[in-house]
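Notes to accompany the following structure.
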Amino acid sequence: MALQCPECGAISHARSSFYEAPSIKRTYYQCKNLECSCTFTALESVDTIIARPNKVETKDETSSEQSEKSAHILGKYGAASRLSNRQQIPV
Ligand SMILES: [Zn+2]
């Protein structure tokens, strides 16, 4: 990024930047004109969102179907997965 120097009008280059908020960035600039060498900061922020990305909405029906499915799988080996008398863990 480059901006015009507010003192002499020469090109100034960004030296560092950080976010003050999720959509506001402060950038430190230094003038490339050696006789000026002005340093200043500038703020960059989101002004207008022109188009939002298409988000896939998850329906509640899908999540309830999944929970029923997992419950079915959990019960599949219910009786068969119990230990028989000779498989009991000794106390
Ligand atoms: Zn300058």
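Every number for a ligand or one of its atoms is a count from 1 in the order of the listing. Side-chain atoms are counted along with the backbone in the values below, which use heavy atoms only and exclude waters and symmetry mates. FYI, the numbering just counts along the sequence from 1.
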For this session: Could you tell me whether Glu20 atom CD has more than 12 heavy atoms of other residues or ligands within 6.0 Å of it?
Result: yes
Exercise. Do Cys8 and Cys31 pass the side chain to side chain contact (heavy atoms under 4.5 Å, CB included) test, and can you show the C-alpha distance, the side-chain angles, and the key distance before you say yes or no?
Worked result: CA-CA 9 Å; Cys8 72; Cys31 178; 3.6 Å; yes
Exercise. Would the number of heavy atoms belonging to other residues, nucleotides or ligands and lying under 6.0 Å from OH of Tyr19 be above 12?
Worked result: no
Exercise. Are Leu3 and Met1 connected, step by step, through hydrophobic side chains (Ile, Leu, Val, Met, Phe, Trp, Tyr) whose heavy atoms are closer than 4.5 Å?
Worked result: yes
Exercise. Do Ser17 and Tyr28 pass the side chain to side chain contact (heavy atoms under 4.5 Å, CB included) test, and can you show the C-alpha distance, the side-chain angles, and the key distance before you say yes or no?
Worked result: CA-CA 6 Å; Ser17 64; Tyr28 285 81; over 6 Å; no
For this session: Would you list the protein N, O or S atoms within less than 2.8 Å of the Zn ion (ligand 1), leaving out water?
Result: Cys5 SG, Cys8 SG, Cys31 SG, Cys36 SG
For this session: In sequence, state the C-alpha distance, the side-chain angles, and the governing distance for Phe18 and Lys25, and then conclude on side chain to side chain contact (heavy atoms under 4.5 Å, CB included).
Result: CA-CA 6 Å; Phe18 65 93; Lys25 185 171 77 174; over 6 Å; no
